[in-house]
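Per chain, numbering begins at 1; letters A, B, ... match sequence-line order.
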Number of protein chains: 2
Amino acid sequence: MTETETETTGAGADSCAGPPQGNRRPDGEDRYTISEVAALTGLTAHTLRWYERIGLMPHIDRSHTGQRRYRNRDLDWLALVGKLRLTGMPVADMVRYAELVRAGDHTYTERFELLRRTREDVLSRIAELQGTLAVLDRKIDFYADAGRALASERT
Amino acid sequence: MTETETETTGAGADSCAGPPQGNRRPDGEDRYTISEVAALTGLTAHTLRWYERIGLMPHIDRSHTGQRRYRNRDLDWLALVGKLRLTGMPVADMVRYAELVRAGDHTYTERFELLRRTREDVLSRIAELQGTLAVLDRKIDFYADAGRALASERT
DNA sequence: TAGAACGCTGGAGCGCACTCCAAGCAAGCG
DNA sequence: CGCTTGCTTGGAGTGCGCTCCAGCGTTCTA
């Protein structure tokens, strides 16, 4: 067991990625070309190949002619990467996480720490954005009032 | 009146910028050097000059020797810019907003629209981040459980 | 009056995250 | 068979947001 965590995303709890990404094939016959994955994830084929080059992806299966054949677990991984990207996490850090996953079970605590730190970052980003929202709302009220004043001036 | 909006930030409602930025001089004797502004805003002097070059700042007063002397209203503007930057708004859009402010009162509705769109963006960024937070929390729980399992294995 | 500290400018350079290119191979089709 | 479509590679290029540099002037302190 403990097959270096490919769990979680399998459970049908997900429902909020950017692209539709509904049409997955069942495990066993899950072999997607790069352009299919591009369509499913919203990334370009270029980016997918680049992710592989920099070590952000595990080694992807190949067809007998050498073409990439992505599997469901690769889509799961890309979904996680997409989420982490939304947090503003630098690609280098995601590569670090990918390395930890590849390194095996003894990196669990390090992975845990990395995710926990990321979680803290996300919380403060949310707080920042809410602060900005407050400023924005004040400005918007100002302009709404100004608009009304201009309108009544014209009467 | 309607002096192209330098209001809002004057009111003491602010309290959540990154740097301390407490020590402002009263209006009238508010002439800050570029390095003072750098210290107050957390930006570098390079960046401040660059903001000016690209049209993100209004024209800054100069001393008799040609050095920049920032005023409180410039700090207010920089505070707003800082907030907008946190939202991920591209610099080009902030420049656009700055142009609208410089253009005068007849751009009120356009400014209003820009801010309203930005507000929508911020709301969806927050939603995205909360989605990511959910994923992160599931992963973190997974690793916490795995850690406990490993610990009990060792008994 | 020397030297350090600070500021000025135009323009070049950098790091990140892609993005694209050229040249070539393999499969499918009329 | 030739043509199109899709994929392969290493390496070069792009856009953004800074970041730094050289060469110079001014101001302050000893």
Side-chain angles (χ1 to χ4, degrees), chain A residues 18-19 31-57 59-71 74 77-78 80-99 118 121 125 128 132, chain B residues 18-19 31-57 59-71 74 77-78 80-99 118 121 125 128 132:
Chain A
R31 332 204 95 240
Y32 308 86
T33 66
I34 198 167
S35 56
E36 283 171 332
V37 176
L40 286 168
T41 60
L43 299 167
T44 69
H46 290 304
T47 303
L48 288 168
R49 283 190 281 256
W50 179 68
Y51 276 3
E52 210 175 318
R53 261 198 272 185
I54 63 173
L56 184 51
M57 293 294 293
H59 284 128
I60 301 298
D61 293 353
R62 298 298 179 115
S63 72
H64 69 104
T65 57
Q67 296 190 349
R68 287 169 184 81
R69 290 295 178 265
Y70 292 81
R71 321 248 340 238
D74 301 318
W77 175 254
L78 283 169
L80 175 62
V81 164
K83 290 292 185 190
L84 293 179
R85 204 174 42 138
L86 284 179
T87 71
M89 178 187 273
V91 168
D93 289 7
M94 293 193 258
V95 171
R96 174 79 189 130
Y97 183 75
E99 281 166 356
T118 304
D121 290 350
R125 301 284 326 289
E128 276 176 359
T132 304
Chain B
R31 332 204 93 239
Y32 307 86
T33 67
I34 198 167
S35 56
E36 283 170 331
V37 175
L40 287 167
T41 61
L43 300 167
T44 69
H46 291 304
T47 303
L48 288 167
R49 284 190 280 256
W50 179 68
Y51 277 4
E52 210 175 318
R53 260 197 272 184
I54 63 173
L56 185 50
M57 294 293 294
H59 283 128
I60 301 298
D61 293 353
R62 297 298 180 113
S63 74
H64 68 104
T65 57
Q67 295 190 349
R68 287 169 183 81
R69 289 296 178 264
Y70 292 82
R71 322 249 340 239
D74 301 319
W77 175 254
L78 282 168
L80 175 61
V81 164
K83 290 292 185 190
L84 293 179
R85 204 174 42 139
L86 285 179
T87 70
M89 178 187 273
V91 168
D93 290 7
M94 293 192 258
V95 171
R96 174 78 189 130
Y97 183 75
E99 281 166 356
T118 304
D121 290 351
R125 301 286 326 290
E128 276 177 358
T132 304

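- For A:Tyr51, a side-chain nitrogen or oxygen approaches OP1 or OP2 of C:dC18 to under 4.0 Å.
- Using a 4.0 Å cut-off, no side-chain N or O of A:Arg49 falls inside it from OP1 or OP2 of D:dT9.
- Nucleotide C:dC20 holds its C1' atom 16 Å from the CG atom of A:Leu43, rounded to whole Å.
- Distance, A:Glu52 CD to D:dC7 C1': 13 Å, rounded to whole Å.
- Under a 4.0 Å N-O distance rule, the pair B:Arg125/B:Glu128 qualifies as a salt bridge.
- Using a 4.0 Å heavy-atom criterion, one finds that B:Arg62 contacts the sugar-phosphate atoms exclusively.
- Distance, B:Glu36 CD to C:dA5 C1': 14 Å, rounded to whole Å.
- For the pair B:Thr87 and B:Asp121, the minimum side-chain heavy-atom distance is 4.5 Å or more.
- If you measure from atom NE2 of A:His64 to atom C1' of C:dC25, you get 12 Å, rounded to the nearest angstrom.
- A close approach under 4.0 Å does occur between a side-chain nitrogen or oxygen of A:Arg85 and OP1 or OP2 of C:dC18.
- A close approach under 4.0 Å does not occur between any side-chain nitrogen or oxygen of A:Thr65 and OP1 or OP2 of D:dC7.
- The CG atom of A:Asp61 sits 16 Å away from the P atom of D:dC7 (whole-angstrom rounding).
- Checked by distance alone, A:Arg53 brings a side-chain donor or acceptor within 3.5 Å of a matching partner on the base of D:dG11.
- A:Trp77 places none of its side-chain heavy atoms less than 4.5 Å from the side chain of A:Asp74.
- If you check every strand for non-hydrogen atoms under 4.0 Å, A:Arg68 touches sugar and phosphate atoms only.
- One finds no side-chain N or O of A:Thr47 lying less than 4.0 angstrom from the OP1 or OP2 phosphate oxygen of C:dA17.
- Side-chain contact between B:Arg62 and B:Arg68: present, with at least one pair of heavy atoms (C-beta onward) separated by less than 4.5 Å.
- Comparing D:dC18, D:dC7, C:dC21 by their nearest atom to the side chain of A:His46 picks out C:dC21.
- Using a 4.0 Å heavy-atom criterion, one finds that B:Ser63 contacts no nucleic acid atom at all.
- Contact annotation: the side chain of B:Leu78 approaches that of B:Met57 to within less than 4.5 Å [non-hydrogen atoms, C-beta and beyond].
- Whole-Å rounding puts the A:Leu48 CG to D:dT9 C1' distance at 16 Å.
- When the P atom of C:dA5 is taken as reference, atom CD1 of B:Ile34 falls 19 Å away, rounded to whole Å.
- Look at CD on A:Gln67: it is 13 Å from C1' on C:dG24, rounded to the nearest Å.
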